[in-house]
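The basis for the numbers below is simple: all heavy atoms, side chains too, and nothing from hydrogens, waters or symmetry mates. Throughout, a chain's letter reflects where its sequence line sits, starting with A, and its residues are numbered from 1.
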Amino acid sequence: MSKNKQEFVAHITSREEDFSKWYTDIILKTDLVDYSPVRGSMVIKPYGYGIWENIQRELDNRFKATGHKNAYFPLFIPESLLQKEVDHVEGFAPEVAWVTHGGGEELTERLAVRPTSETIICSMYAKWIQSYRDLPVLYNQWCNVVRWEKTTRPFLRTLEFLWQEGHTAHATEEEAQEETMKMLNVYREFSENVLAIPMVAGKKTEKEKFAGAMSTYTIEALMQDGQALQAGTSHNLGQHFAKVFDIGYLDRDGQRKHVWQTSWGVTTRLIGAIIMVHGDERGLVLPPKVAPIQVIMVPIAFHKEGVLDKAEAIYEGLKAAGFRVELDDRDTQSAGWKFNEWEMKGVPIRLEIGPRDVEKNQVVLVRRDNHEKTFVPVEELTDTIHNMLEEIHKGLYDKALTMREENTHVAHDMDEFKDIVETRKGFIKAMWCGDVGCEDRIKDEFSLTARCIPFEQEKLADHCICCGEEAKHMVYFARAY
RNA sequence: CGGGAUGUGGCGCAGUUUGGUAGCGCGUCUCGUUCGGGACGAGAAGGCCGCAGGUUCAAAUCCUGUCAUCCCGACCA
């Protein structure tokens, strides 16, 4: 029995003391991942992969609902293909892994392990697209990609990671732009309604945009330590790739034209965002819609008459009702031990059932987010849990939104900007002239990057915070993962 | 890629300064008593001390190299 109430989970470093350590403690102790023998590469264990499967399911449904189909393109990309789009190669060159040998023989052409699939997909689209009747092409693939990063952290940056990449081709510029925005909006809606994470949506600056894109749009989230995390991007590729790969079609008017393309993706990094937005001193706090286990049942004194039978009956009922529920009937662990364990693992609702409950035909529900305890008659259980999961979701979202608002500051001039950087954390909203020089200066001086030019613009001042020239946009600046 | 730290049973650590039989706590296994916020007793298993060289009669300990992880920077989803 824990004598000290503070120490529900004895072995997690507090967020205050060391946020990074808190993060690694959590991911290891809750069995999300383990380090592998390969530098910078992690094993995603079932509990972590379960979260990813739920993310996949929710997103995939949304992709299908917006007319997309899944396909799979090769892992290996011939060097000549990768090199076709100049900006694209230059952007990715430093982090490409190369295959030089196969079956013991040196290859005549090196193969890149895909860092992203634009080039190989474009090479195929050039073959498949002939007529305006072939358009639009709306494909997505779920796969792994490799980027040879110098510094790695589980979920946030690993050499190999899982993601989805959508690649579409359209007849007109307008249609491509519409698609770009539509998918960004899918990401934003998904983040808010499934992950319970509020996002700032906007456009990337020229400096920060995707290598080879015409323009890049992003959703940015704020972590509890005040650093921003890019959670999803949607690119309007324009005709850059269409021209170098010659993806052309014959239009109604008999003219041969190049297609307009988009690409968009989210990664397993989202799991890192979930941890760093919702987690607390006791460990993980999982949003109900992606939690691998939504209800954990802990039977109390279950050797006693009727307890386990009743628990099993309730378990079957909840499972049939569609909840992700598990019954922890291990007799090797005490009830109290299990409470702490499942709290650390972030399960949204704990269901306790003991001899006294069996007598009264009720159970005890305890919420992970606010630790509220409720006694619920068995016949009301399904409805109560359904509503409680909804409330937890809403509670998490509101809390995250409050956290973000409290950590979003406005700077009208450079003195104010400096002061905020030195004394606060989080997003800084400020006016910017649009010149990359000013962006660079802020990065050099403060290590802050322009996260995005938000769609929801405010006019905070007339002049650029940096150079004093006329301001064009309001920008969110932050330190970023 | 720079700066710092750490690698010792599954996990957390001590031992390294001053070389001399590898230890502690937790966990694991067996049996029993327990069970509404990390239970207790008795017994048991488990380690070529990250890896590779070197010095020495003798290396977890000293030297060289190497790999990995963590933290702080520069680069990136």
* Structure fact -> Residues passing the side chain to side chain donor-acceptor pair (under 3.5 Å) test with A/Gln362, sequence neighbours excluded, are A/Asp357

* Asked: Can you tell which of B/G36, B/C72, B/U28 lies closest to the side chain of A/Arg356?
  -> B/G36

* To do: Return each pair, listed once, that meets salt bridge (Lys or Arg N to Asp or Glu O under 4.0 Å) where at least one residue sits in residues 271-280 of chain A; pairs must be two or more places apart or across chains.
  => A/Asp280-A/Arg368

Over how many whole Å does the gap from [X] atom [atom1] to [N] atom [atom2] extend?
| X | N | atom1 | atom2 | value |
| --- | --- | --- | --- | --- |
| A/Leu156 | B/C75 | CG | C1' | 15 Å |
| A/Gln333 | B/C26 | CD | C1' | 12 Å |
| A/Lys373 | B/G37 | NZ | C1' | 8 Å |
| A/Leu159 | B/U69 | CG | P | 9 Å |

Listing time: all N or O pairs from protein to nucleotides 1-9 of chain B that are below 3.5 Å?
residue, atom, partner, partner atom, Å
B/C1, N4, A/Thr151, OG1, 3.0

* Name the residue closer to the 5' end of RNA chain B, choosing between A/Phe339 and A/Phe92 according to the nucleotide with the nearest heavy atom. => A/Phe339

* **Inter- and intrachain pairs under side-chain hydrogen bond (donor to acceptor under 3.5 Å, both in side chains), touching residues 194-207 of chain A, at least two apart** => A/Lys204-A/Glu220, A/Lys204-A/Gln230, A/Thr205-A/Glu439, A/Glu206-A/Lys209, A/Lys207-A/Asp440

Is the phosphate of [N], meaning OP1 or OP2, less than 4.0 Å from a side-chain N or O of [X]?
| X | N | result |
| --- | --- | --- |
| A/Tyr23 | B/C70 | no |
| A/Arg153 | B/C71 | yes |
| A/Ser334 | B/C35 | no |

* Does A/Arg479 get its side chain close enough to the base of B/G73, under 3.5 Å, for a donor-acceptor pair? -> no

* Looking for any heavy atom pair under 4.0 Å, which part of the strands does A/Thr267 touch: base, sugar-phosphate only, or nothing? -> base

Less than 3.5 Å apart, which donor and acceptor atoms pair up between the side chains of residues 301-310 of chain A and the rest of the protein, not counting sequence neighbours?
residue, atom, partner, partner atom, Å
A/Lys310, NZ, A/Asn361, OD1, 3.0

* CA sep, side-chain torsions, deciding dist, call: A/Glu189, A/Arg62, salt bridge (charged side-chain N to carboxylate O under 4.0 Å, His left out) -> CA-CA 10 Å; A/Glu189 180 274 325; A/Arg62 286 165 170 79; 2.7 Å; yes

* Asked: Does any residue of residues 434-448 of chain A have a heavy atom under 4.0 Å from RNA chain B, and if so, which ones, in number order?
  -> A/Lys443, A/Ser447

* **Residue among A/Trp142, A/Tyr47, A/Trp163, A/Phe161 satisfying ring-ring contact (aromatic ring centres under 6.0 Å, His included) with A/Trp52** => A/Trp142

